[in-house]
Colleague: 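Below is the structure I would like to discuss, written out as structure tokens.
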Amino acid sequence: MNQKTSIPKGTRDFGPVPMMRRNYLFDTIRSVFQLYGYMPIETPAMETLETLMGKYGEEGDKLIFKILNSGDFASGIKPEFFENLLRNPENSGQISKTMASQISEKALRYDLTVPFARFVVQHREEITFPFKRYQIQPVWRADRPQKNRYREFYQCDVDVIGSNSLLNEAELIKIIDEVFIRFGLNIVIKLNNRKILAGLAEVSGMGSNLTDFTVALDKLDKIGMELVKKEWSSKGFSNDSIDLIIPVIGNTGSNSDKLDRLRDILKNSGTGQKGLEELETLMKIISGFDLKCSVEIDLTLARGLNYYTGAIIEVKSLDVQMGSICGGGRYDDLTGIFGMPGVSGVGVSFGADRIYDVLEQTNGFTALTHTGTQILFLNFGPEESAVCMPLADQLRSAGISCELYPDSTKIKKQMQYADQNKIPVVIMIGETERNASQASVKYMSSGEQVNIAFSDLTNAIGKIF
RNA sequence: GUGGUAGUAGUUCAGUCGGUUAGAACGUCGGAUUGUGGUUCCGAAGGUCGGGGGUUCGAAUCCCCUCUUCCACCCCA
């Protein structure tokens, strides 16, 4: 009888309470973005397959949700695929990959950055640079879900594109500080610079393989120095070169200690020096800011995304043990892949779901007042409801949200409805009240009940809220 | 993609060595109380025991396959 219902793996329903909290979260973030002059954009849930493919590396391509072509998609498959598959079943992975492009030409967006790059290139004639935009939309990844990781989740991206100034990085740091002040959360902003990492790899002879270098380095926090060394060794880096940089990347000492050590080791690397210079300048700019949060240079900060070319930014919660809750950086040539080279951008992305979890664990939602119905009119029948409706309209005009119970069922049931929906005030207008032109007003928390003349109702109720 | 864990009512879970009609709590609905919520009492509904196959006189229980969940890895927000 009851059909078994479910939603796809890694997706979620949000009930009224979580939604109120999520809206608060998005509204807060959005209002800070707007305060700094960023403009909203939205892009479609789906992009053409070629826009997305190849932008996230081999692994990323596999995690893109592809949309099957409408209609008779099978007719697009060439016969040799079936023959090939029968002949080489062990090759099915490769065959599927090639076949995908014939039966699918669009896919769900994987992040907001690549669609943004596409947007900028496509609308370059209409955009005035530097272009400051924010975008709060869901993205989809065909990853295997696990704790705090979903197949559908929201990103809140804020970027400025078409400006090389480090003031942009500084402004983003300001925005991060402001957002988390509004949430009442304690955070630390961690900074690094991709050019410094490149410089370190260069002077230790690992320059040719920056990706492997940084992927391992990024795990330092998690797996420890010994395992990082081991991973480097397995990728072919020499012990000598490893030992050379170990003392520098260790997260000991103050920010200026770290900068001093870098100045020394990077003196023979042009790229490294450039990065160091950027980081020093940025630190100098933000030293003039009145930030609540601390800013810490973390040379192990690498972040997976390979398109970062300058600053790398990451935010960690100090209240709750959790991965990063916000992160980003500068990318010098993101639009280059769409044929518009030389446009630099910098941006960060707030992880809404993780911030939600942090706020939940720190009781950060308790300040959120109940924004549902404030007043419930009980329904005693058609004649009484007819009296209630204009009164309800008067209250609404005064900005008080109220509703009339739709059915004239038992009062007990209507009271239960008020109780369970946490409606603080119930107004009863039955035959007696109607004849006396007085409403019985009941305060649910105390149980207290008073009579108020219809003519005084809006005024009297207005004083409560 | 790899490894582990689990799957029984809407939810959280019992269910003995394979043995009669699969239970509880909470929730839902109804009643006690025809105009008064939270507490209490009574009652009811709700199950293809994730699905398929196998072993057996007999399977929620044992075996195989599959799906799903959660956790960890890879990667990432």
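So that the names make sense, note that chain A is the first sequence line, chain B the second, and so on, each numbered from 1.
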Colleague: So, are A:Arg21 and A:Glu360 salt-bridged, with charged N and O less than 4.0 Å apart?
Modeller: yes
Colleague: When you measure from the side chain of A:Met428, which nucleotide among B:rU2, B:rU36, B:rG37 comes out closest?
Modeller: B:rU36
Colleague: Say you pick atom P in B:rC62 and the same atom in B:rC76; how far apart are they, in whole Å?
Modeller: 41 Å
Colleague: Classify A:Asp143 by what it touches in the nucleic acid, base, sugar-phosphate, or nothing, heavy-atom distance under 4.0 Å.
Modeller: base
Colleague: Say you pick atom P in B:rU11 and the same atom in B:rG7; how far apart are they, in whole Å?
Modeller: 15 Å
Colleague: Over all strands shown, is A:Gln420 touching base, sugar-phosphate only, or nothing at heavy-atom distances under 4.0 angstrom?
Modeller: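 Contact class for A:Gln420: sugar-phosphate only.
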Colleague: For B:rG1 and B:rC75, measure between their C1' atoms and round to the nearest Å.
Modeller: 11 Å
Colleague: In terms of the nearest nucleotide of RNA chain B, which residue is placed more toward the 5' end: A:Met444 or A:Arg354?
Modeller: A:Met444
Colleague: Checking salt bridge (Lys or Arg N to Asp or Glu O under 4.0 Å) for the pair A:Lys412/A:Asp419: CA distance, chi angles, key distance, verdict?
Modeller: CA-CA 10 Å; A:Lys412 178 189 169 72; A:Asp419 188 45; over 6 Å; no
Colleague: Classify A:Glu433 by what it touches in the nucleic acid, base, sugar-phosphate, or nothing, heavy-atom distance under 4.0 Å.
Modeller: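 Base contact.
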Colleague: On the nucleotide B:rC71, are OP1 or OP2 found under 4.0 Å from the side-chain N or O atoms that A:Gln146 carries?
Modeller: no
Colleague: Report yes or no: is there a donor-acceptor pair, N or O only, under 3.5 Å between the side chain of A:Gln414 and the base of B:rU36?
Modeller: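 Side chain to base: no pair below 3.5 Å.
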Colleague: Taking the six-membered ring of A:Tyr110 as reference, does the NZ or CZ atom of A:Arg141 fall below 6.0 Å from its centre and within a 45° cone about the axis?
Modeller: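 Cation-pi check for A:Arg141 and A:Tyr110: passes.
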Colleague: Which class fits the ring pair A:Tyr417 and A:Tyr405: parallel under 30°, tilted 30 to 60°, perpendicular over 60°?
Modeller: perpendicular
Colleague: Is it true that the NZ or CZ of A:Arg22 lies under 6.0 Å from the centre of A:Phe14's six-membered ring and within 45 degrees of the ring axis?
Modeller: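 Yes, A:Arg22 and A:Phe14 form such a contact.
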Colleague: Is there, by distance only and without an angle test, a donor paired with an acceptor across the side chain of A:Arg144 and the base of B:rU2 below 3.5 Å?
Modeller: yes
Colleague: Any idea which of B:rG30, B:rG1, B:rA77 is nearest the A:Lys413 side chain?
Modeller: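 Nearest to the side chain of A:Lys413 among the choices is B:rG30.
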Colleague: Using a 4.0 Å heavy-atom cut-off, does A:Tyr154 contact any base of the nucleic acid, only the sugar-phosphate backbone, or nothing at all?
Modeller: nothing
Colleague: Distance between the P atoms of B:rG38 and B:rA45, in whole angstroms?
Modeller: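 After rounding to an integer number of Å, I get 24 Å for this pair.
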Colleague: Contact class for A:Lys9 (heavy atom, under 4.0 Å): base, sugar-phosphate, or nothing?
Modeller: sugar-phosphate
Colleague: Between A:Lys442 and B:rG35, is there a contact of a side-chain N or O with OP1 or OP2 at under 4.0 Å?
Modeller: no
Colleague: Rounding to an integer number of angstrom, what distance separates B:rG54 and B:rG46 when you compare their P atoms?
Modeller: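 After rounding to an integer number of Å, I get 30 Å for this pair.
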Colleague: In whole Å, what separates the P atom of B:rC13 from that of B:rC71?
Modeller: 14 Å
Colleague: Is NZ or CZ of A:Arg151 both nearer than 6.0 Å to the six-membered ring centre of A:Phe65 and within 45° of the ring axis?
Modeller: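 No.
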Colleague: For B:rU33, take OP1 and OP2 only and decide whether either is under 4.0 Å from a side-chain N or O of A:Gln416.
Modeller: no
Colleague: Between B:rG38, B:rG35, B:rG31, which nucleotide gets closest to the side-chain atoms of A:Asp419?
Modeller: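 Within the option list, the nearest is B:rG38.
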Colleague: Is A:Gly60 touching bases, backbone alone, or none of the nucleic acid, heavy atoms closer than 4.0 Å?
Modeller: nothing
Colleague: If we take the P atom in both B:rC67 and B:rG51, what is their distance in whole Å?
Modeller: 15 Å
Colleague: For B:rC57, what is the paired nucleotide under Watson-Crick or G-U wobble rules, both distances under 3.5 Å?
Modeller: B:rG19
Colleague: What interatomic distance, in whole Å, is found between P of B:rA24 and the corresponding atom of B:rC65?
Modeller: 36 Å
Colleague: 5'-most contact on RNA chain B: A:Pro8 or A:Arg141, nearest heavy atom basis?
Modeller: A:Pro8
Colleague: Looking for any heavy atom pair under 4.0 Å, which part of the strands does A:Tyr417 touch: base, sugar-phosphate only, or nothing?
Modeller: nothing
